[in-house]
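Notes for the one structure printed next.
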Amino acid sequence: MSEARPGTAAPSPLVKVQVVVIGAGQAGLSAAYHLKRRGLAPHKGFVVLDRSPEPGGAWQHRWPSLTLSTVNRIHDLPGMPFSEALDTTATELPASTAVPAYFAAYEKRFELPVYRPVTVKVVCDRGDRFRVETDRVQFSARGLINATGTWESPYIPDVPGREQFRGRQLHTKDYRTADAFRGEHVVVVGGGISAIQLLDEISQVTVTSWVTRRPPQFRRGTFDAEAGRAAVALVEDRVRRGLPPASVVSVTGIPVTTAIEAMQARGVLNRLPIFSEITEDGVRWPDGTTLRADVILWCTGFRSSLDHLAPLMLRGEGGGIKMTGRLATQVSKDPRVHLVGHGPSASTIGANRAGGAAAQELMAFLAEH
Ligand code: FAD
């Protein structure tokens with residue numbers, strides 16, 4: 001541990017700390033900032049382990065055309081506004097370079113003990129401590145703040161026939177540029193904001209069809225802070241009851257932007273219901289109707305990346321992890337574990353707040369026990 005430096009893989013074989021934070025995206029960095037601010041020593045008291053070789057969390061993998069003007073909104077990390085690291089008026093900057101540059105400056109400013117690339121393989125309960133096994137070094141910790149996001153767990157629904165499709169099947173995660181689809185018929189599946197953004201770009205260069213499970217709920221008018229809180233409260237209520245968290249769009253609806261109005265005018269938002277089967281050369285609905293396709297682009301969301309926590313058996317009968325605590329970041333079954341950037345905190349503002357709540361509650365719990 002003593003030789004380890006942030007930004008390099010930790011070299012020692014077993015490192016004992018109070019808290020391990022897993023993941024250095026918005027949620028993990030916020031948690032790290034608050035742990036340090038509350039007096040936990042970087043390196044000796046806590047470490048942040050991040051799989052990615054570079055700072056930036058999942059933002060570094062977003063498609064190049066997602067810019068600071070086309071993201072919903074990226075909330076500042078605690079203690080240092082985005083504008084201190086970058087010119088925020090340069091709205092055409094790709095989010096995939098701007099946000100990582102901000103995170104890198106943030107890690108440096110607060111001298112956060114981020115070790116990378118370090119992948120946490122599995123976490124086991126060893127009585128009064130957790131054993132955190134990574135591809136580099138093993139850690140022993142009294143508490144865990146898990147901030148591994150969702151990007152590494154793309155979700156694709158299990159539709160019969162998927163394996164026989166002779167065209168290409170991609171997920172949002174794989175998307176780079178619409179030009180890759182020129183001349184092809186692309187079926188975009190999904191009713192969220194990413195689906196609509198990609199449909200917008202692709203439909204400007206080739207033929208598209210749009211398929212969603214439920215009729216999309218477009219929302220006109222402003223979405224104020226109160227409406228935002230109400231939406232988050234619905235997701236929070238689910239995780240407090242031990243249910244899997246719902247997607248944010250399922251509770252907020254899709255705001256009608258000028259881009260969406262233009263898409264409506266171009267006739268590309270004529271939504272079809274989800275098909276029941278995938279054939280060799282397209283998709284088929286229950287009434288036998290078929291549609292030929294070269295590409296199926298699954299914009300069907302992500303799930304929390306939590307496989308490494310499986311030995312802790314945190315999931316309950318409801319299929320989700322029952323959460324408690326001020327902002328529902330604490331795992332009911334094991335109060336030494338906090339999940340941040342999960343469920344109600346799966347947004348940049350939610351991740352920020354969750355990091356603060358988790359740091360405070362976990363340190364109080366460890367002090368008491
Ligand atoms: P991430 O940024 O994914 O960070 C997780 C980190 O954990 C990564 O660095 C990863 O490498 C690491 N990791 C994962 N597994 C392991 C492991 N086993 N061991 C070690 N490290 C690991 N929110 C907004 O507020 N505004 C927006 O405009 C917005 N746009 C979005 C657009 C898209 C396409 C998507 C998918 C999401 C968007 N969100 C947006 C949601 C937002 O990006 C996240 O909720 C937020 O950034 C919180 O990130 P995080 O820290 O939870 O996860």
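Note that the numbering runs from 1 along the sequence shown for the chain. In each ligand, atom 1 is the first atom listed, and ligand 1 is the first ligand listed. The figures here come from the full heavy-atom set of this structure, side chains too, leaving out hydrogens, waters and symmetry mates.
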Checklist entry - Do Arg162 and Gln169 have side-chain N/O donor and acceptor atoms under 3.5 Å apart? => result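 There is such a pair (donor and acceptor under 3.5 Å, judged by atom type) between the side chains of Arg162 and Gln169.
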Next on the checklist: Between the side chains of Arg182 and Asp179, is the shortest nitrogen-to-carboxylate-oxygen separation below 4.0 Å, so that they form an ion pair?
Outcome noted: yes
Next on the checklist: Does the structure place the NZ or CZ of Arg303 under 6.0 Å from the centre of the six-membered ring of Tyr155, at an angle of no more than 45° from the ring's axis?
Outcome noted: yes
Starting from the N and O atoms of ligand 1, collect every protein N/O partner closer than 3.5 Å and put each pair on its own line with the distance to 0.1 Å.
residue  : atom   : partner : partner atom : Å
ligand 1 : 2 (O)  : Ala58   : N            : 2.9
ligand 1 : 9 (O)  : Asp50   : OD1          : 2.7
ligand 1 : 11 (O) : Glu152  : OE2          : 3.4
ligand 1 : 18 (N) : Val120  : O            : 3.0
ligand 1 : 19 (N) : Val120  : N            : 2.8
ligand 1 : 21 (N) : Arg51   : N            : 3.0
ligand 1 : 25 (O) : Arg73   : O            : 3.3
ligand 1 : 25 (O) : Thr348  : N            : 2.8
ligand 1 : 25 (O) : Thr348  : OG1          : 2.7
ligand 1 : 26 (N) : Arg73   : O            : 2.7
ligand 1 : 28 (O) : Asn72   : N            : 2.7
ligand 1 : 28 (O) : Arg73   : N            : 3.3
ligand 1 : 43 (O) : Arg62   : NH2          : 2.7
ligand 1 : 45 (O) : Ala346  : O            : 3.3
ligand 1 : 45 (O) : Ser347  : N            : 3.1
ligand 1 : 47 (O) : Trp59   : NE1          : 3.3
ligand 1 : 51 (O) : Gln26   : N            : 3.0
ligand 1 : 51 (O) : Ala27   : N            : 2.9

Checklist entry - Using the ring of each side chain (for Trp, its six-membered ring), is Phe302 parallel, tilted or perpendicular to His171, with breaks at 30° and 60°? => result perpendicular
Item to check | Check: His43 ring centroid to Tyr115 ring centroid under 6.0 Å | outcome: yes
Next on the checklist: Has Arg214 got a side-chain atom pairing as donor or acceptor with Pro273's backbone, closer than 3.5 angstrom?
Outcome noted: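 No, because the side chain of Arg214 does not come within donor-acceptor range (under 3.5 Å) of the backbone of Pro273.
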